[in-house]
Engineer: 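Next up is a structure, given as structure tokens.
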Amino acid sequence: MAKLMSLLWGAGSPPCWRVMITLEEKKLQGYKRKLLSFEKGEHKSQEVLVVNPRGQLPAFKHGDIILNESCATCLYLENQFKSQGIKLIPDSADDQATMYQHMMEGLALTDKLNSVIYYDCSVPEEERHDSAVKRNKEALTAELKLWEGYLENVAAGSYLAGAFSLADVIVFPSIACAFRFGLSVGRYPKLAKYYSLLKNRASIKTTWPPHWVASPQGYDILKDL
Ligand SMILES: N[C@@H](CCC(=O)N[C@@H](CS)C(=O)NCC(=O)O)C(=O)O
């Protein structure tokens, strides 16, 4: 089945990482995948545009079915391969509600993270303002504190919605990205604990961004948050 699947992806992209973790968890190894370079602008190539007219990654195909939104792809894979690999949507009403809630909130976290980390790449120099940088950092800090609070309420050594679920698949890559970009372990102890619990999970370890493995030293953009 995985042989009919193909993924165009970019390294270090949380949305791409979500799809790769899901494919691992659902035992769909063996799919075709092609690593494209954002630096070289390969995400705007014709090869991507036919799958995703926005020229964004991930761009996923299962036979003739196209999915170019990461959350939609993860939900699709879980629903199509329910009994294969790990079950990623819990049954209980409580856990399911928490899972869907955190999954969707995870998108806000990614947006706020991007608005700080990629500010210089996404805003032309003449349009940049210190006040915007400050506002984006404040919004990200408030968001991260929310997540620190959510993790305060889950049992120690636990996941976002009971057992490992799509909430973790969607949110973890952004948390990992935050620490890669210098988030303070001391100021966000619950997030740091969650990060160290999940980073060794097989599906996550095998799909760890290759350039993070090659150069483990990250950045310090978020160190003051
Ligand atoms: N909604 C999309 C967002 C994908 C996305 O933002 N991809 C980024 C990489 S992390 C991208 O391709 N950016 C290039 C661009 O927007 O031109 C999803 O979750 O799949």
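In listed order, ligands and their atoms are each counted from 1. Source: prediction; values computed, not measured.
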Engineer: Would you kindly confirm whether Tyr76 and Met99 end up in one hydrophobic cluster when ILVMFWY residues are joined by side chain heavy atoms under 4.5 Å apart?
Structural biologist: no
Engineer: Among protein heavy atoms, which lies nearest atom 19 (O) of ligand 1, and at what distance?
Structural biologist: Ser70 OG, 2.7 Å
Engineer: Where is the nearest protein heavy atom to atom 10 (S) of ligand 1: which residue, which atom, and how far?
Structural biologist: Ser13 OG, 3.2 Å
Engineer: Between Lys44 and ligand 1, which residue portion shows a heavy-atom distance shorter than 4.0 Å: side chain, backbone, both, or neither?
Structural biologist: side chain
Engineer: Please write down residue, atom name and distance for the protein heavy atom closest to atom 2 (C) of ligand 1.
Structural biologist: Glu69 OE1, 3.4 Å
Engineer: Specify the protein heavy atom at minimum distance from atom 9 (C) of ligand 1: its residue, its atom name, and the distance to 0.1 Å.
Structural biologist: Phe38 CZ, 3.5 Å
Engineer: Would Leu109 and Val154 show up in the same hydrophobic cluster when neighbours are defined by side-chain heavy atoms closer than 4.5 Å?
Structural biologist: yes
Engineer: Does only the side chain of Asn68 get under 4.0 Å from ligand 1, or the backbone, or both, or neither? Count heavy atoms.
Structural biologist: backbone
Engineer: At a 4.0 Å threshold, what atoms of ligand 1 neighbour a non-hydrogen atom of Arg18?
Structural biologist: 19 (O)
Engineer: Tell me, please: is Val19 in heavy-atom contact with ligand 1, that is, under 4.0 Å?
Structural biologist: no
Engineer: Which residue holds the protein heavy atom closest to atom 6 (O) of ligand 1, what is that atom called, and what is the gap in Å?
Structural biologist: Gln56 NE2, 3.7 Å
Engineer: Angle class for the Phe181/Tyr118 ring planes (parallel below 30°, perpendicular above 60°, tilted otherwise)?
Structural biologist: perpendicular
Engineer: Between Trp147 and His102, how do the two ring planes meet: parallel, tilted or perpendicular, split at 30° and 60°?
Structural biologist: tilted
Engineer: To the nearest 0.1 Å, how far is atom 14 (C) of ligand 1 from its closest protein heavy atom, and which atom is that?
Structural biologist: His43 CD2, 3.4 Å
Engineer: Trp212 vs Trp17 aromatic rings, parallel, tilted or perpendicular, using cut-offs 30° and 60°?
Structural biologist: perpendicular
Engineer: To the nearest 0.5 Å, what is the distance between CG on Asn136 and OG1 on Thr141?
Structural biologist: 10.5 Å
Engineer: For atom 7 (N) of ligand 1, which protein heavy atom lies nearest, and how many Å away is it?
Structural biologist: Leu57 O, 2.8 Å
Engineer: Between Arg187 and Glu148, does any NZ, NE, NH1 or NH2 come within less than 4.0 Å of an OD or OE carboxylate oxygen?
Structural biologist: no
Engineer: If you measure from each heavy atom of Pro58 to ligand 1, is any distance below 4.0 Å?
Structural biologist: yes
Engineer: Nearest 0.5 angstrom please: Gln217 CD to Arg180 CZ, how far?
Structural biologist: 8.0 Å
